[in-house]
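I have placed the structure first, in the form of structure tokens, so that the comments after it can refer back to it.
Here the structure is a predicted model, which means the values were calculated and not measured.
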Amino acid sequence: MINYDDNDENLLSFYNIATVNPSSRKDLNLTNQEQIDSDELNNLTTDEQFNLLITLVNTNTGHNNNSLYVYDDEDPEDPLRGRGTNVVRQLIQKEVISSKDDPKLNSFLISSPNFDSQRFLTTVHQDSSIDELVQSLNFLERNIHSQTAELKSVIDSNFIKFVDCKKSIDDILVGFRQSKTKIQQDRENSKVFNPQRHRNTEKSDSLSSELEESLKNINMASTLLIRPIMENKSKEQKLNTLIEFIKSNKFFFDLPHNLIESLSTQNNDQFIDDYNRFLKEKQEFIQRQEETYRRDIAHLNPETDYEAIKEREQNQQLVDTAILRVFAEVDNIIAEYRKKIYNELLSLDHEAGNSKGHFPNTNNARFISLVDKLYQLNNDDGNNTSNPIYEFLNTQLNGLRKDLDYQINKFDTKFKMMQRKLLDYISSLADYREGGSHVGHISEKYSNIDDFFRASSTSSTPSNEEMDRIIIKFFDSSDNLDLSFINETWLVLLNFVTYLDDLFLKNITKFVNNYNHYSNPDNGFNIDTQGKIRNSFVSLVVHVTNKLTSLFDDNAESVNQLESSPRNYSRFLPYHTNSLSTIFYLSGISAKINHTLTKVGNCMAIVGNANKTTDTNKIIKSLRATSSTINQKILEATCAVWVNDCSQFYDLENWEIYHPIHDKGSGPTFTKTMNILEYYEGYFLRKLSDLLFIKGFEDNSNDDIRIVAPYPSKRILVSVEIQFMRSLNILIDSLMKKYNVEKSTVRVNTKGANIDSELFKVLTMNNFDRISETIYPKLIKKFDKLFEKNLSQQNLKLYADIDKAALTIFDDILEREKSWIDERVSRYFLKIPSKAIDPKGDFELKIESFTYEVLIHFVKLIHEVKPLTGTEVFVSIMNELQNYFLKLVLEYLRSLNRNDKFYSILGNLKLGIIFFVEVFEPSKYAKLNDYCMNLVEIILGIINENEKPNYSEAQFDNVLMKCLRDSESEFDCFL
């Protein structure tokens with residue numbers, strides 16, 4: 001930091017002056033050696049004056065750096081605390097220094113050149129807090145900025161004067177140096193006789209010696225004057241020799257210009273003719289030059305004719321240099337032209353025998369033209385490796401492999417990235433389920449079919465073929481197959497396979513046609529005599545098959561197929577994909593791969609026949625194995641997703657009562673899920689059949705090598721059969737899962753039977769009846785037709801499982817209803833009134849309320865359950881409940897003690913039982929069966945044995961008839 005308050009002693013010491021206001025040279029503190037008189041200065045030589053100036057400059061430079069800093073009593077300020085701080089006193093108190101004369105003090109004073117900021121902070125401010133240091137630092141920065149502005153203003157105000165002084169000094173020094181240099185150069189370069197100079201430098205030399213020296217100088221000057229003349233004469237002789245050589249070989253020296261001119265006018269024929277003439281005349285010229293040189297040297301003697309030989313060699317070297325430059329330029333032009341032709345040939349999209357544009361054979365003519373040019377420009381030994389067609393085929397094949405590797409790496413990177421994003425996205429959804437898929441799209445597809453039928457003008461039931469066509473049309477549409485993210489992941493795989501089936505096949509077919517054409521001696525070519533190109537092509541075919549096999553390979557080799565899940569095929573299946581998107585995309589992907597492998601096999605056969613190799617069949621067999629493996633993996637993955645979706649079918653069940661527009665039957669009511677199940681399973685069977693029985697590969701009508709098997713093996717058919725039966729069983733389990741979930745969430749109204757909450761049981765039972773009687777038989781027959789099986793003729797355990805599930809639901813319905821009846825009957829018998837006779841002594845003959853409650857509950861069953869079920873099922877429910885009611889009454893009657901309460905209820909109980917029988921007697925379907933009538937007879941027998949009636953038979957009949965008349969409208973639903 002600049003010290004504006006520095007004392008005079010430091011200033012005088014720094015600038016080495018006697019006073020702070022110097023006005024003359026005497027004010028400079030010069031040593032005795034530096035005291036120079038102006039008269040003496042005039043007698044010094046120029047060199048001595050210059051050296052003296054340097055000494056004076058060096059003496060007044062860097063003086064202060066060599067002088068020791070001397071501390072005065074005025075202590076400078078602490079830069080962090082400002083003025084008024086005695087740093088020296090603090091250091092003495094801390095015993096860091098002994099006194100103010102201690103040399104260590106220089107390290108702690110800001111005005112000292114040896115100031116050590118680190119020691120200053122760690123010693124003087126070791127107890128200062130961070131906040132204090134920060135505040136001090138801010139103060140110091142503001143102080144520096146203010147002094148910087150002041151310094152800048154001083155410099156700006158004196159800048160012009162400083163520049164003028166500096167320029168004047170520089171001009172004087174430069175002039176001084178230039179005058180010294182010029183005098184010295186003149187002195188050294190002077191070669192004339194100068195007696196005065198010699199007298200000053202060599203006083204002992206005589207006049208004769210000076211004259212002799214002068215003569216030598218004159219001779220030297222004469223020689224120097226003659227030398228340029230001799231050199232120019234030699235150059236002129238060489239130039240004449242070179243001119244004569246150029247005239248005699250004008251063709252060579254004009255050739256570069258002629259070649260460039262031919263190229264500019266696109267005169268390729270003239271260009272090639274000139275080049276071929278050049279090759280011929282170049283060889284003749286070299287032979288002629290060798291003969292001429294041997295003839296010229298033969299009569300010369302190396303010892304006596306040394307100069308002549310040397311001159312001859314120099315002339316030969318001269319012409320050789322000139323002609324070699326011409327040859328090199330011609331070779332460069334030819335090399336660039338050959339490179340251009342090669343690049344044009346290798347970049348040509350050529351296919352032998354293929355015509356493009358409006359003119360026939362345009363492509364072939366251009367290709368042959370380029371090849372002919374290269375042949376004419378090729379002066380090699382004719383090896384195949386330098387053959388332009390050989391290079392063209394190699395380049396075409398290498399381009400195929402390079403592009404294939406690029407597409408494979410691109411697909412692999414993008415598919416893995418999409419899989420990671422897909423996992424993150426699905427796991428963030430509210431309905432995320434581990435291993436689940438979005439089967440709701442299946443329901444949406446069916447809704448489109450239903451809307452189509454309801455909007456159709458025809459109400460007639462379509463035929464099975466027409467129905468299949470409509471189902472396939474809507475289910476196989478690319479709209480709304482799955483989540484958009486999953487569809488995008490599928491497109492990554494589809495685009496890669498499309499590349500193989502489209503661009504890759506086009507390029508490989510083009511190469512094979514070229515190879516077949518130019519390897520046929522009948523066409524005048526036999527390019528691949530050593531089979532190197534053929535081996536490279538085989539390597540490419542093996543590379544393609546390995547990559548495809550690796551792509552469709554699964555990572556669950558040891559897992560049982562019945563336990564496999566879609567995640568086992570994640571190398572080509574997007575995570576959480578459903579069966580609709582899977583069968584849609586894999587069907588197209590399978591067809592493209594089959595076509596690709598078939599065409600590759602056909603190309604392999606063409607290359608093998610052209611090259612006459614014996615291992616072609618081995619490669620074709622490998623292609624067949626690859627095709628079989630890939631198709632099997634695609635089938636396994638499809639079935640895994642199919643079964644996984646079937647296990648989630650319970651998500652589609654919402655207990656929506658549904659009446660299909662073409663269903664004219666009067667059977668039990670079922671839910672919409674049954675139609676979705678039937679249409680979905682039928683669609684999937686049709687798509688699996690198309691996936692296995694591959695159309696277009698039944699014969700070899702297209703002269704293609706058979707790679708893809710048109711019919712599946714027995715093992716594959718058995719596997720599909722197992723998966724089909726597995727899907728049917730899992731659908732039943734899935735529906736039962738929905739039933740159990742619903743059952744566990746039902747809440748019962750304690751004031752009465754909540755029949756509405758029990759409707760899902762009836763609907764589930766009806767669903768199973770429809771599955772067992774209609775849907776599954778129809779699906780099994782369709783499977784037999786599509787896959788040539790006979791499952792419909794077998795006694796399948798599947799139907800027994802369905803009946804078992806339906807019976808379980810039937811028992812649940814009865815258990816629920818029986819529980820309600822038990823509650824009403826037990827309430828009466830456990831709380832029998834203490835008196836059945838009124839205080840006046842008259843007996844009150846009536847039907848007890850529990851009998852009416854049970855009958856009203858039967859009425860509810862008639863109105864709410866009967867419309868949803870078949871007659872047979874409902875009759876079974878009614879008979880079971882009637883039987884249970886009568887049996888329950890009989891059990892309580894037998895368990896009662898024989899006392900006054902027992903005898904008091906017998907008349908009313910008898911009236912209620914007979915009323916119960918009479919209500920159902922007119923009914924066609926709710927009439928009591930024989931077993932119930934036997935229970936009625938037993939109950940009445942017990943009553944008659946124990947009753948002591950207080951009424952007459954006429955009174956009993958009147959009350960009974962009155963009750964029947966009063967309830968006639970209420971119970972007419974039983975008729």
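- Side-chain N/O atoms of S590 and N631 include a donor and acceptor closer than 3.5 Å.
- Counting heavy atoms from C-beta outward, E636 and Q723 have side chains that stay 4.5 Å or more apart.
- Residue E656 qualifies as enclosed at atom CD: its count of foreign heavy atoms under 6.0 Å is above 12.
- No hydrogens or angles considered: nothing links the side chains of Q419 and Y575 as a donor-acceptor pair under 3.5 Å.
- V641 is listed as a side-chain neighbour of L573, based on a closest heavy-atom distance under 4.5 Å.
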K592 vs L500, side chain to side chain contact (heavy atoms under 4.5 Å, CB included): CA-CA, chis, key distance, verdict: CA-CA 8 Å; K592 290 180 180 295; L500 292 177; over 6 Å; no
Decide side chain to side chain contact (heavy atoms under 4.5 Å, CB included) for L493 and Y585; before the verdict, give the C-alpha distance in whole Å, the side-chain angles of both, and the deciding distance to 0.1 Å. CA-CA 9 Å; L493 176 61; Y585 286 106; over 6 Å; no
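- Nearest heavy atoms, Y446 versus F475: N-CZ, 4.3 Å.
- The minimum heavy-atom distance linking C646 with S727 is given by the pair SG-CB, 3.9 Å.
- In this structure a side-chain-to-backbone donor-acceptor pair under 3.5 Å is present from T764 to F760.
- Two residues are said to be in side-chain contact when any heavy atoms from C-beta on lie closer than 4.5 Å; L763 and F670 fail this criterion.
- With respect to K737 and D733, no salt bridge is recorded, no charged nitrogen being found less than 4.0 Å from a carboxylate O.
- In this structure a side-chain-to-backbone donor-acceptor pair under 3.5 Å is missing from S719 to R715.
- At least one side-chain heavy atom of M736 sits less than 4.5 Å from a side-chain heavy atom of I809.
- Atom OG1 of T489 and atom NZ of K421 lie 10.0 Å apart (nearest 0.5 Å).
- In this structure, a donor-acceptor pair under 3.5 Å is absent between the side chains of E681 and Y679.
- Of the inter-residue distances, the one linking S689 atom OG with L685 atom CG reads 9.0 Å to the nearest 0.5 angstrom.
- In this structure a side-chain-to-backbone donor-acceptor pair under 3.5 Å is missing from S628 to A625.
- When atom types are taken as modelled, the side chain of N487 and the backbone of D482 share a donor-acceptor pair closer than 3.5 angstrom.
- Crowding of D930 atom CG: a count of heavy atoms from other residues, nucleotides or ligands under 6.0 Å not exceeding 12.
- When all heavy atoms of R433 and H576 are compared, the closest pair comes out as O-CE1, 3.8 Å.
- Counting heavy atoms from C-beta on, the side chains of E880 and E817 never come closer than 4.5 Å.
- The backbone N or O of G435 sits less than 3.5 Å from a side-chain atom of N644, completing a donor-acceptor pair.
- The pair R469-E466 counts as a salt bridge, with a side-chain nitrogen and a carboxylate oxygen less than 4.0 angstrom apart.
- Across all non-hydrogen atoms, the minimal contact from C932 to N879 is SG-O, 4.3 Å.
- When side chains are defined from C-beta on, F768 counts as touching L735, because their heavy atoms get closer than 4.5 Å.
- Taking CD1 of I449 as the start and CD1 of I472 as the end, the distance is 9.0 Å to the nearest 0.5 Å.
- With hydrogens and angles disregarded, a donor-acceptor distance shorter than 3.5 Å links the side chain of N729 to the backbone of M725.
- Taking CD1 from I722 and CG from L717, the interatomic distance works out to 11.0 Å, rounded to the nearest 0.5 Å.
- S734 and S647 form no side-chain donor-acceptor contact under 3.5 Å, judged by distance and modelled atom types alone.
- Annotation for K887: atom NZ does not count as buried by contact number, only 12 or fewer foreign heavy atoms lying within 6.0 Å.
- N448 and E444 form no side-chain donor-acceptor contact under 3.5 Å, judged by distance and modelled atom types alone.
- For the pair T774 and M674, the minimum side-chain heavy-atom distance is 4.5 Å or more.
- Formation of a donor-acceptor pair under 3.5 Å by the K633 side chain with backbone atoms of L551 is not found in this model.
- Distance NZ/K738 to CH2/W655: 7.0 Å, rounded to 0.5 Å.
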Test side chain to side chain contact (heavy atoms under 4.5 Å, CB included) on M765 and K761 and set out the steps. CA-CA 6 Å; M765 187 173 60; K761 295 182 179 180; over 6 Å; no
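- Note on ring orientation: taking the six-membered ring where Trp is involved, the planes of F684 and W642 are parallel (angle under 30°, cut-offs 30° and 60°).
- The two residues H438 and N578 come nearest to each other via the heavy atoms O-ND2, 3.0 Å.
- V497 places none of its side-chain heavy atoms less than 4.5 Å from the side chain of T596.
- Residues Q648 and S437 bring a donor and an acceptor atom of their side chains to less than 3.5 Å of each other.
- Residues in residues 779-798 take part in these ring pair (Phe, Tyr, Trp, His ring centres under 6.0 Å) pairs, two or more places apart or across chains: F724-F783, F783-F787.
- Y680 and S579 share a side-chain donor-acceptor pair at under 3.5 Å.
- Other residues, nucleotides and ligands place more than 12 heavy atoms under 6.0 Å from the CG atom of D424.
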Can L483 and I486 be said to form a side chain to side chain contact (heavy atoms under 4.5 Å, CB included), step by step? CA-CA 5 Å; L483 293 179; I486 295 176; 4.1 Å; yes
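- Distance check: I676 CD1 to I442 CD1 gives 8.5 Å after rounding to the nearest 0.5 Å.
- The shortest heavy-atom contact between S792 and I780 is N-CG2, 3.5 Å.
- Using cut-offs of 30° and 60° for the angle between ring planes, the F474 and F452 rings count as tilted.
- For the pair R571 and F552, the cation-pi test (distance below 6.0 Å, angle within 45°) is failed.
- Without hydrogens or angle criteria, R624 side chain to R706 main chain gives a donor-acceptor distance under 3.5 Å.
- Panel note: side chain Y776, backbone L728; a donor-acceptor pair is recorded below 3.5 Å.
- Under 4.0 Å is where a charged nitrogen must lie from a carboxylate oxygen, and between D468 and K782 at least one such pair does.
- No donor-acceptor pair closer than 3.5 Å links the side chain of E653 to the backbone N or O of F649.
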